[in-house]
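Notes follow once the structure below has been shown.
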Amino acid sequence: MLSVALPLPLPQAFDYRWPEALGAPPSPGCRVRVPFGRGQAVGVVVTVGTGEGGRALKPVTALIDAEPLFDDELWRSLRWAASYYHHPLGEVLSAALPAVLRTGAPVPDLDRPGLEITADGVAALAAGGLRPGPGRALLERLQSGPLPLERLREELGESARGAGNRLLRRGWLRACRVPLAHDPAPRVEAPVASPEQARVLAALAAADPRRAHLLEGVTGSGKTEIYLALAAQALARGRQVLVLVPEIGLTPLALRRYRERLPAPVLALHSGLSDRERAHAWALARGGLPCVVLGTRSAVFTPLPRAGLIVVDEEHDASYKQGDGFRYHARDLALVRGRALGVPVLLGSATPALETLALAASRRLGHLRLAARAGGARPPSVELVDLRAGHHPDGLSNRALAAIGEALERGEQALVFRNRRGWSPVLACATCGWKADCPGCDRPMTWHRGPGLLVCHHCGRRQRPPGACPSCGGGALDPRGIGTERLAAALAARWPDRQVLRIDRDSSAGAGRLDGLLQAVERGGPAILVGTQLLAKGHDWPMLTQVVVVDADGGLYSADFRAPERLAQLLTQVAGRAGRGARPGRVLVQTRLPEHPFWRTWLAGGYAAVAQAQLEERRRCALPPFRFQALLAAEATATAPLTAFFAAVRALPVADADGVERIGPLPAPMPRRAGHHRLQLVLEADRRAPLHALLAAWMARIPTLPAARKVRWSLDVDPQDAG
Ligand code: ADP
Ligand code: ZN
Ligand code: ZN
C-alpha cells in the first residue's frame, strides 16, 4: 500500500495499491501517476506500507521517478513546513517543484543538445576568406567553446539553424551535449574589504558555522560585498550557495554583479524564466553542481545537496511572504533549512524586520553591523517640509522644486518618490462630491490619464470614466490627489529639456524595459526619476543626490500595527538612494503632520530608533513578535454563508485551547473585494504550542465542514498582512 500526497486542498494523503507488475515499490519522495476522480493525477509517495487494511484500493497507474525527487533534508524541511503552516502536504510539495515536474514530466537532463567547432572548422575560420553571414557568425561564436542550440538560436536568430546544418555536413561543426551553465563572464576583482567589512568577515569565520546571523548594514555599507566574499569561500570548498533576493531585486544588473565576481555558474530563478529553464536550474542544483542559485521567494525550495551558505538579502522585504495558497515565509524557511543542512544563514538588511531584531535580541541569531557606507560616502541629510503652508497644485512644494532644480544645475540626478501609480488616486465630481468607486471593492478607483482608464488597484477592474457625473448629472470630474503619472507630467513640463523617467509597474511592464531605464540612470546624465517603491531598493546610482518624498502620511494614519515599521523601512530605503557616490545626498520629506512623533524618532535615530520604539510598543500591546498569530479568513458573494462558516468553525470541539484567544469573526480591513464579502477570525497566543494544537485540530475538520464548501477560506500562519 502506498499513501500518496496529491496537490489538493485536503489534509489527508490518499492510499493506493502497488501493483506487483510495476516492480519493487518506490521510496517516499517519488512521483506516481494515480487514478483520481474520473481522471489521473500526479502525486508524491509519502509512505509505503504493507497490506491494504481490508480495503479495496485502486492501483497506482505508473511510477514516474526511479529515485526520490527530494533529498533527505529537503523532504524533512518540506514536511515540517506543511505541518507548521497547516497546509496540505501535496500542495506544499507541488509548490516546491518547478511547474513542468508537477505535471509528471521527467527530471530534465543535466545537459542539452549543442554544437561545437571541429579542428577543420577552426582551420577554415583561421584561413580567412569566409564570407560574412550566418555560417561565419556561428563559427565565430563557437570559437570560445560549445553552446546549446537554444542559446545559438536566441543569439543568432533562426538562420543559425540552416547554417548549422550546412556546417555539420561539411564537418566544420559537430553535435555535442552542453552542460547547462552560463557563459563565463569577464572576471572583476573584489575590492579590498574595509576595516568594518573585515571585522564582519572575521566574526563570521570565528562563529559556529551552523549559526545564523543578522547583518544589519546601512544602505550602501557593502553588505553585498560580504555575501560575495562568503559565496566565493563556499564555492572554493565545492559547495552550493543559495541567495534569496526580493521580487524586484533580481535585476539583470544584480545578476551581472554575481556573475562577474564568482568563478561558478550563477543560476537565476525568477518568474521571468520559462518553465523549462526553471526545471533545468532546479535539476542542476539537485545534481549537486557547485553553483550560486540566485532567486526570489520560491527559490527557497531549491534542492541543495552540497549546501554551503544561505543568504537572504533585504530580509525585511514583504515579497518573501507568499500571499495566497501555501502562505509560507521564505526567510523563516531559509532559517529552517539552514539548521537542517547545518550551514550558516545570513539575513541582510538596512532595515531589519522587527521579528528578526527580536530574534537577534534573544540571541537566537548573531547580530553583526556595518555602520558606515563603503567607499567613504556619507549618510544623506534628511529634512521635513511642512506642506500645510502654501498651495501645491502638483504635490510638490517650492522647497522641493528648488532642490530638484539645484541638483540638475550641478549635473546630478533627483528621485521623486510617491508610492501611488497613475494620475490621481481619486476621480471626483467637482459639484456634488461623487467619487468613482470600484463597484466590487467599495474603494476609489485610480485615474490613469494616459490610457484614459479608471483602474481598481485592489481587484484589477478597468473601465472608462463616465462622461459626466452620474450622481448630479452635470458636474465635471476632477482628479484628486497625486500619482506618479501626474508627477512625471508636472516635472516634464517644468524641465522640458531634462530627462524625466517614470519607473513604476505601468511604465516598466516588461523587465527588459525596466533594466534599460535603470542602466540609463546608472550612466549618470542629469535626470529626474519619478517612481514607486520599485525605486526604493538595491539600486546604486552614484549621481543621484536629491530625494524628494512627495507624501508618505498615509502610513501615519493606518490602523495596521505594522504600518510604522513599513513606513520607516520604505523611507529609509528610499533615502538610502541619495548620495551613494562621492557627492553628498539630501532628502526632503513632505508632510502635513510634521509634529507626529514618528518623525522625531526617525530623524533623530533613523530606522534603528523607530524599530526600538516599535518593539517596545509591540511588547506593551502584546503584538507580534511577542505574540503568535494566525488568521482564518473567508470570503463569499453573500454574507450568510460567511457567518455560517465561522459559526461551524467555532462550534468545533477543541480539547486544549487554553491561552489561545479568538478574536472575531470581524470584517477584514477591506470588507469587500472584487464583489466578495470578507470576514476573518484572528487567533492569538503567547506560546506557539497551544496555538498550533488548536490549528491542527481545526485543519483536520474544517475541510470536511459542509459550510466550508460555500465560501473561499484560507489559513495564514504568522500573517504579515492584516487581511
Ligand atoms: P549594500 O549591499 O550594503 O547596499 P554594496 O555591497 O552594494 O552595499 O556596496 C555599495 C557600494 O560600495 C557598491 O558600489 C560597492 O561596489 C562599493 N563597495 C562595497 N565595499 C567596498 C570596498 N570594500 N571598497 C570599495 N568599494 C566598496
Ligand atoms: Zn456630481
Ligand atoms: Zn476593485
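Numbers here are sequence positions counted from 1. Here the structure is a predicted model, which is why all the values come from computation and not from measurement. Just so you know, ligand 1 is whichever comes first in the structure, and atom 1 is the first atom listed for that ligand. Values below: every heavy atom of this structure, side chains too, minus hydrogens, waters and symmetry copies.
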Metal site angle (apex the Zn ion (ligand 2)), SG from C472 and SG from C429, 10 degrees: 110°
Would G217 count as being in polar contact with ligand 1, using the rule that some N or O on each side must be under 3.5 angstrom apart? no
Where does I226 meet ligand 1, judged by heavy-atom distances below 4.0 Å: at the side chain, the backbone, both, or neither? neither
Give a yes or no on whether the backbone of I482 and the side-chain of R418 come within a donor-acceptor separation of less than 3.5 Å. yes
Validation row: L335, L347 side chains within 4.5 angstrom (heavy atoms): yes
Taking T302 for the side chain and A299 for the main chain, is one N or O donor matched with an acceptor at less than 3.5 Å? yes
Is the number of heavy atoms from other residues, nucleotides or ligands within 6.0 Å of NZ (K321) greater than 12? yes
Do R672 side-chain atoms and P439 backbone N/O form a donor-acceptor pair below 3.5 Å? yes
So the atoms of ligand 1 within less than 4.0 Å of a heavy atom of S194 turn out to be 23 (N)
So for R257, does at least one of its heavy atoms come nearer than 4.0 angstrom to any atom of ligand 1? yes
E485 side chain vs R449 backbone, donor-acceptor pair below 3.5 Å: yes
Are any side-chain N or O atoms of Y320 and backbone N or O atoms of L244, one a donor and one an acceptor, separated by less than 3.5 Å? yes
Of the backbone atoms (N, CA, C, O) and the side-chain heavy atoms from C-beta on, which set of R373 has a member under 4.0 Å from an atom of ligand 1: side chain, backbone, both, or neither? neither
Counting N and O atoms only, with roles assigned by atom type, does the side chain of K223 sit under 3.5 Å from a partner on the main chain of E216, one being a donor and the other an acceptor? no
For V192, take its heavy atoms, then give the atoms of ligand 1 lying under 4.0 Å from any of them. 22 (C), 23 (N), 24 (N)
Is P191 close to ligand 1, meaning an N/O of one under 3.5 Å from an N/O of the other? no
Contacts of the Zn ion (ligand 3) with protein N/O/S atoms, counting only those under 2.8 Å: C438 SG, C441 SG, C456 SG, C459 SG
Side chain or backbone, does T224 bring an N or O within less than 3.5 Å of an N or O on ligand 1? yes
Salt bridge or not for D504 and R502, using N-O below 4.0 Å? yes
Does this structure show an ion pair linking E196 with R373, if we count only N-O contacts that are shorter than 4.0 Å? no
Using a strict cut-off of 4.0 Å, indicate which atoms of ligand 1 neighbour a heavy atom of G222. 1 (P), 3 (O), 5 (P), 6 (O), 8 (O), 9 (O), 19 (C)
If you measure every N/O of A193 against every N/O of ligand 1, is any gap under 3.5 Å? no
Note: D317-R331 ion pair, threshold 4.0 Å (strictly below): no
